[in-house]
Amino acid sequence: MTQKNPKRIALIFGTRPEAIKMAPVIKALKNRSQDFEPILIATAQHRQLLDQVLDVFELTPDIDLDLMQDNQSLAGFSSRAIQALGDCLHSTKPDAVLVQGDTTTAFIGALAAFYEHIPVGHVEAGLRTYNFEAPWPEEMNRRLIAPMARWCFAPMPSARQNLLAEHIPDARIFVTGNTVIDALLITAGHVEKHPPQIPGLKDDVLQHPKMILVTGHRRESFGEPFENICKALREIAETHSDVAIIYPLHLNPNVKDVAQTILAGHPRIHLLEPLAYGPFVRLLKDCRFLITDSGGLQEEAPALGKPVLVTRETTERPEAVEAGNSILTGSDREKIVSCASRLLEDEAEYQKMAQAGSPFGDGKAAERIVDILHLKWDV
Ligand code: UD1
Ligand code: UDP
């Protein structure tokens, strides 16, 4: 009997969230070595934030394009990436390319594959706000990938409906759950057994019963909206003497510099370097609630029973808002402060949000994706 060669699957990723959400898919492909050979291609749209994730999941890119520049523009990074990924796919000739999410790496990765006539699988397809300004430019990126994809791996039934409404053929859409829950459950298990240190944070802060975990980085919030969010955080710390705010700052200078100007110096606001995924998951488990604009955290927090104040005007992950776990506050200072105060003071309201349930997956999304690649290669 002749043995078939494994299919060579290139996984293209560049930023922190893509790597976290691709790690379970890479693992699942490696577990099926008779059928698949993963090829890891990093654009390194992020350098340090990406390397932190690669370390945690013990991943080494087969090809590292090392494209990040300080304070890069969207056009600048896109042009470097299309050239480098085009050359890379032309010489590597994988059987398929997988991209994840809505970043410039994901969009340009899909486009480069399309130019090489290589089939594309889109992990986390179909999320929509239907507002091209928010999240910007991600809503456009994610939307443009869909028609290029042979396989649209929709995390939720709502994403499937969005794709159908855009005339993506039903046969190409597969509801899988979100791979971030796979990554979270694996990591939370390790953290439970061996709680990691949090670099830059004294242990007594971790015992704080009212710890608020904060992240923020969205481009559409740069300037006044982001300043308002930071002012709200300061007001929360000043008006609640029992609160500690932990904020690992994103490395984007448009975020880091503003946050430091407004928030540094307060004894109960702890500005940290970006954390590796293990320590970050420990904070996620230990905090009372989150204030964030992160896409991934809107999915992870409900899985650990943590309420979220989403500092965005709109979300492509409506399930957590509908379930009652998350509230959209935008960058409205008063609204952020009043919602946070309620979560700090009103135990019934807090419990209602904390127990709203976890809609985004069961930890088996990556296995489903690999099964679909195996069974539905020619859809
Ligand atoms: C990108 C994605 C966004 C995603 C976010 C995750 C796009 C358009 N945006 O946004 O969808 O939610 O990543 O965090 O794809 N920097 C470093 N080191 C790093 C990472 C970033 O110094 O490890 C700094 C650099 O100055 C870099 C800047 O941050 O130029 C911006 O990085 P970039 O990837 O262009 O955009 P993000 O705002 O991080
Ligand atoms: N995260 C992390 N360390 C941090 C902050 C966030 O590991 O200091 C994780 C977080 O748990 C989530 C992901 O990074 O899985 C979110 O990344 P980011 O906010 O950069 O991007 P987004 O989710 O908004 O696309």
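One-based numbering, in listed order, for ligands and for the atoms of each.
Near Pro248, the atoms of ligand 2 lying under 4.0 angstrom from a non-hydrogen atom of the residue are 8 (O). Listed by atom number, the atoms of ligand 1 under 4.0 Å from Thr104 heavy atoms are 7 (C), 8 (C), 15 (O). Applying the 4.0 Å criterion to heavy atoms of Gln72 picks out, from ligand 1, the atoms 30 (O), 32 (O), 33 (P), 34 (O), 35 (O). Using a 4.0 Å cut-off to heavy atoms of Leu74, the atoms of ligand 1 that qualify are 8 (C). The atoms of ligand 1 that sit less than 4.0 Å from any heavy atom of Pro137 are 8 (C). Remark: ligand 2 atoms within the under-4.0 Å shell around heavy atoms of Arg218 are 24 (O). Using a 4.0 Å cut-off to heavy atoms of Gln45, the atoms of ligand 1 that qualify are 1 (C), 2 (C), 7 (C), 9 (N), 15 (O), 33 (P), 34 (O). Atoms of ligand 2 found under 4.0 Å from any heavy atom of Gly295 (numbered from 1 in listed order, with element): 22 (P), 23 (O), 24 (O). Every atom of ligand 2 with a heavy atom of Ile20 under 4.0 Å away is listed here by number and element: 9 (C), 13 (C), 14 (O), 15 (O). Contact atoms of ligand 2 toward Gly296: 23 (O) (distance under 4.0 Å to a heavy atom of the residue). For ligand 1, the atoms closer than 4.0 angstrom to any heavy atom of Pro17 are 6 (C).
With hydrogens left out, the protein atom closest to atom 25 (O) of ligand 2 is Pro17 CG, 3.4 Å, a heavy atom. Atom 17 (O) of ligand 2 has Arg16 NE, 3.4 Å as its closest protein atom, hydrogens excluded (heavy atom only). Shortest contact from atom 36 (O) of ligand 1 to any protein heavy atom: Arg219 NH2, 3.2 Å. Distance from atom 11 (O) of ligand 1 to its nearest protein heavy atom, with residue and atom name: Glu138 OE2, 2.6 Å. If you check which protein heavy atom lies closest to atom 24 (O) of ligand 2, you get His217 NE2, 2.8 Å. Protein heavy atom nearest atom 5 (C) of ligand 1, with residue, atom name and distance: His217 CE1, 3.6 Å. From the protein, the heavy atom lying nearest to atom 8 (O) of ligand 2 is Leu275 N, 2.9 Å. The nearest protein atom to atom 19 (C) of ligand 1, hydrogens excluded, is given as Gln48 OE1, 3.3 Å; this is a heavy-atom distance.
Put simply, no part of Glu138 is less than 4.0 Å from ligand 2, judged by heavy atoms.
Salt bridge absent: Glu316 and Arg128 never bring a charged side-chain N and a carboxylate O closer than 4.0 Å. Of the charged side-chain nitrogens involved, none lies within less than 4.0 Å of a carboxylate oxygen, so that Glu116 and Lys93 do not count as a salt-bridged pair. A salt bridge links Asp102 to Arg142: at least one charged side-chain nitrogen sits closer than 4.0 Å to a carboxylate oxygen. A salt bridge links Arg32 to Asp35: at least one charged side-chain nitrogen sits closer than 4.0 Å to a carboxylate oxygen. The pair Glu192-Lys285 meets the salt-bridge criterion, with a side-chain N (NZ, NE, NH1 or NH2) lying under 4.0 Å from an Asp/Glu carboxylate O. Salt bridge status for Asp64 with Arg47: present, with a side-chain N to carboxylate O gap under 4.0 Å. Salt-bridge annotation for Lys364 and Glu367: absent, with no side-chain N of the basic residue lying under 4.0 Å from a carboxylate O of the acidic one. Checked for salt-bridge contact, Lys30 and Glu37 miss the test: no charged N lies under 4.0 Å from a carboxylate O. At a threshold of 4.0 Å, the pair Arg143-Glu139 does not count as salt-bridged, since none of the basic side-chain nitrogens sits closer than that to a carboxylate oxygen.
Using modelled atom types, one side-chain atom of His250 and one backbone atom of Asn252 make a donor-acceptor pair closer than 3.5 Å. Between the side chain of Lys210 and the main chain of Leu344, a donor-acceptor pair closer than 3.5 Å is present.
The CD1 atom of Ile236 sits 6.5 Å away from the OG atom of Ser341 when rounded to the nearest 0.5 Å. Rounded to the nearest 0.5 Å, atoms CZ (Arg317) and CG (Leu127) are 5.0 Å apart. Atom-to-atom distance recorded for Cys152:SG and Asp170:CG is 11.0 Å, nearest 0.5 angstrom. We find the CG-CG distance between Asp362 and Asn178 to be 11.0 Å, quoted to the nearest 0.5 Å.
Only the side chain of Thr15 comes within 4.0 Å of ligand 1, judged by heavy-atom distances. Using a 4.0 Å cut-off between heavy atoms, Pro253 contacts ligand 1 through its side chain alone, with no backbone atom that close. When heavy-atom distances to ligand 1 are checked against a 4.0 Å cut-off, Pro135 has no atom that comes that close, whether in backbone or side chain. Using a 4.0 Å cut-off between heavy atoms, Glu300 contacts ligand 2 through its side chain alone, with no backbone atom that close. The parts of Tyr277 lying near ligand 2 are both backbone and side chain, judged by heavy-atom distances below 4.0 Å.
Both the sub-6.0 Å distance and the 45° axial angle are not jointly satisfied by Arg8 relative to the ring of Phe36. A cation-pi arrangement is absent between Lys376 and Trp151, since the terminal nitrogen or guanidinium carbon is not both under 6.0 Å from the aromatic centre and inside a 45° cone about the axis.
Residue-to-ligand polar distances keep Asp293 apart from ligand 2: every N/O pair is separated by 3.5 Å or more. At least one N/O-N/O distance between Leu49 and ligand 1 falls below 3.5 Å. Among the atoms of Ser294, some N or O lies under 3.5 angstrom from an N or O of ligand 2. At least one N/O-N/O distance between His250 and ligand 1 falls below 3.5 Å. Looking at Phe280 next to ligand 2, no N or O pair under 3.5 Å apart turns up. Checked by distance only, ligand 1 and Arg16 stay at 3.5 Å or farther apart across all their nitrogen or oxygen atoms.
Residue Ile9 is tested with Val370, Ile26, Leu98 for a side chain to side chain contact (heavy atoms under 4.5 Å, CB included); the sole match is Leu98.
Summarising the contacts of atom 17 (C) of ligand 1 with Gln52, Arg47, His46, Met68, the nearest heavy atom is found in Met68. Counting heavy atoms only, Asn252 comes closest to atom 31 (C) of ligand 1 of the residues Asp70, Asn252, Asn141, Asn71.
In the displayed structure, Gln83 atom CD is contacted under 6.0 Å by at most 12 heavy atoms of other residues, nucleotides or ligands.
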